[in-house]
Amino acid sequence: MTTAEQTPGPRTSASKATATARKVSGLIKNFYVRAQEAAHNGEPIAWCMDGGAGAGPYELRRALGIYSIYPEHYATVCAAKQTGLPLIERAEGDGYANYTCSYARIGLGYAAQMQELGGAAPPGAAWGGMPKPQVLIGRTTCDPGLNWFEAFSRYVKVPLHVFDTRPLPQEIDYEDKAVRRRYMDNYKGQILSLLAFLEKHLGRKIDWDRVRELMALHYRAKWLWHGVHELRKAVPVPMPSGDKFSCMFPNSYMLGTQEAVDFYQELYDEVRERAEHKIGVIPDEKY
């Protein structure tokens with residue numbers, strides 16, 4: 001019997017999207033509005049590569065009162081708001097090849113214009129733009145990841161720290177305790193080096209009790225997000241993949257905040273209710 005000839009099961013109700021996912025755009029806009037407020041209030045700003053681990057643990061930066069911004073993500077905002085092309089053209093005008101990562105070209109064009117404007121955001125910057133940073137935190141994972149932030153440092157003239165996120169060799173024995181310890185010690189050294197850099201250049205000392213509080217929020221949000229993925233195993237699937245990708249933002253850029261915990265708690269509760277009542281994304285799920 002072919003799939004088309006199979007007897008259909010009981011029909012379920014369907015709803016294409018989760019209500020909680022619709023709130024993500026507001027979270028993203030507020031993220032950049034708060035960046036402007038933080039800069040206005042004298043809080044240190046860091047431009048960081050990637051979300052989270054790419055620039056070291058979130059909790060260190062949050063515990064030091066640093067507001068982190070991610071040029072990689074801001075490039076997607078510029079693309080969505082159709083403000084990225086002039087920045088790309090500016091970067092190419094400075095000699096960056098047109099086959100260089102477009103995220104990088106948008107960021108480099110932005111930094112070049114910021115330099116010309118004495119640290120101000122370029123005119124018409126989406127959602128107010130990225131405030132000028134006091135520090136930069138790059139990484140070593142992707143090809144432009146290191147050189148991109150070195151170029152940033154030349155444009156905006158602030159200190160750069162590179163967090164080593166190179167992948168582990170495939171041939172290592174992960175079960176060898178000595179090997180595991182060596183890599184754990186290396187990562188610990190990376191964290192302490194980043195912390196020393198931040199304390200030196202920002203004149204602040206870490207509050208480890210605050211770090212523990214932020215870690216608890218971090219893992220609470222992570223477990224709720226993991227729970228949402230587990231619920232998506234239900235048949236019919238209660239949450240579409242489009243919503244899943246939209247809802248990654250707090251996990252990538254807001255961990256260590258009560259706001260991220262509240263968002264994922266609301267999302268988890270909604271998806272669980274949909275799963276329990278067999279509310280799927282499509283009326284008759286066959287595959």
Side-chain angles (χ1 to χ4, degrees), residues 31 34-35 38-39 41-74 104 107-108 111 114-115 119 130-169 172 177-219 221-222 251-257 260:
F31 180 85
R34 288 174 185 163
N41 293 331
E43 297 175 34
I45 304 294
W47 285 6
C48 306
M49 186 67 181
D50 199 18
Y58 298 87
E59 290 74 24
L60 292 185
R61 302 193 304 275
R62 292 198 188 281
L64 285 165
I66 299 168
Y67 198 96
S68 301
I69 302 175
Y70 306 89
E72 216 170 349
H73 181 267
Y74 187 68
L108 292 167
M114 174 171 276
Q115 178 192 42
M130 300 183 293
K132 183 179 178 181
Q134 279 71 56
V135 291
L136 298 164
I137 308 174
R139 62 174 170 133
T140 57
T141 304
C142 68
D143 287 342
L146 172 60
N147 300 121
W148 179 2
F149 273 66
E150 288 179 335
F152 272 161
S153 184
R154 291 193 293 271
Y155 277 125
V156 297
K157 297 181 174 26
V158 300
L160 165 68
H161 180 88
V162 178
F163 199 84
D164 190 353
T165 53
R166 286 172 292 182
L168 300 182
I172 71 170
K177 291 184 178 179
V179 171
R180 290 169 64 89
R181 172 52 58 185
R182 179 158 57 92
Y183 280 101
M184 289 170 66
D185 288 345
N186 176 68
Y187 189 72
K188 178 181 177 181
Q190 289 287 322
I191 292 173
L192 294 176
S193 176
L194 172 61
L195 179 58
F197 167 84
L198 294 174
E199 289 184 334
K200 173 185 176 181
H201 289 287
L202 300 178
R204 299 185 174 202
K205 289 293 182 182
I206 197 74
D207 180 346
W208 290 108
D209 289 335
R210 179 60 177 155
V211 172
R212 294 184 187 95
E213 294 173 3
L214 297 171
M215 286 291 292
L217 293 171
H218 177 127
Y219 283 114
K222 279 281 192 184
N251 178 69
S252 297
Y253 304 106
M254 296 174 61
L255 289 179
T257 68

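The figures here come from the full heavy-atom set of this structure, side chains too, leaving out hydrogens, waters and symmetry mates. Positions are given from 1, in the same order as the sequence printed here.
The two residues Pro44 and Arg204 make their nearest non-hydrogen contact at CD-NH2, 3.3 Å. Pairing each heavy atom of Met49 with each of Tyr70, the nearest pair is C-CD2, 4.5 Å. Between Arg61 and Leu198, the shortest heavy-atom distance links the atoms CG-CD1, 4.3 Å. Listed here is the closest heavy atom pair of Phe31 and Tyr67: O-OH, 2.5 Å. Between Tyr155 and Leu108, the shortest heavy-atom contact is CE1-O, 3.9 Å. Shown here for Ala221 and Leu255, the closest heavy-atom pair between the two residues is CB-CD2, 3.7 Å.
A distance-only check finds no donor-acceptor pair linking the side chain of Trp47 to the backbone of Gly138 [under 3.5 Å].
The aromatic rings of Phe149 and Phe152 sit perpendicular to each other, their planes meeting at more than 60°, with 30° as the lower class boundary. Between Tyr187 and Phe163, the ring planes lie perpendicular to each other; the angle is over 60°, past the 30° to 60° tilted range.
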Chi angles and distances behind the side chain to side chain contact (heavy atoms under 4.5 Å, CB included) call for Gln134, Val158: CA-CA 6 Å; Gln134 279 71 56; Val158 300; 5.7 Å; no
Evaluate the salt bridge (charged side-chain N to carboxylate O under 4.0 Å, His left out) criterion for residues Asp209 and Arg212: first the C-alpha distance (whole Å), next the side-chain angles of each, then the deciding distance (0.1 Å), finally the verdict. CA-CA 5 Å; Asp209 289 335; Arg212 294 184 187 95; 2.9 Å; yes
Using the rule given for side chain to side chain contact (heavy atoms under 4.5 Å, CB included), can you reason through Thr257 versus Leu217, listing the C-alpha separation, both sets of side-chain angles and the distance that settles it, and then say yes or no? CA-CA 6 Å; Thr257 68; Leu217 293 171; 5.7 Å; no
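Annotation: the span from Ile45 atom CD1 to Leu202 atom CG amounts to 10.5 Å, rounded to 0.5 Å. The CG atom of Leu60 sits 12.0 Å away from atom CG of Asp207, with the distance rounded to the nearest 0.5 Å. Annotation: the span from Asn41 atom CG to Arg34 atom CZ amounts to 13.0 Å, rounded to 0.5 Å. Distance CD/Gln190 to CG/Leu194: 8.5 Å, rounded to 0.5 Å. To the nearest 0.5 Å, atoms NZ (Lys157) and CE (Met114) are separated by 13.0 Å.
Proximity of Pro133 to Val156: side-chain heavy atoms (C-beta onward) are separated by under 4.5 Å at one or more points.
Only one option out of Met254, Glu59, Arg62, Glu213 pairs with His218 in a side-chain contact (heavy atoms from CB on, under 4.5 Å); it is Glu59. The only member of Glu199, His201, Lys200 that meets side-chain contact (heavy atoms from CB on, under 4.5 Å) when paired with Phe197 is His201.
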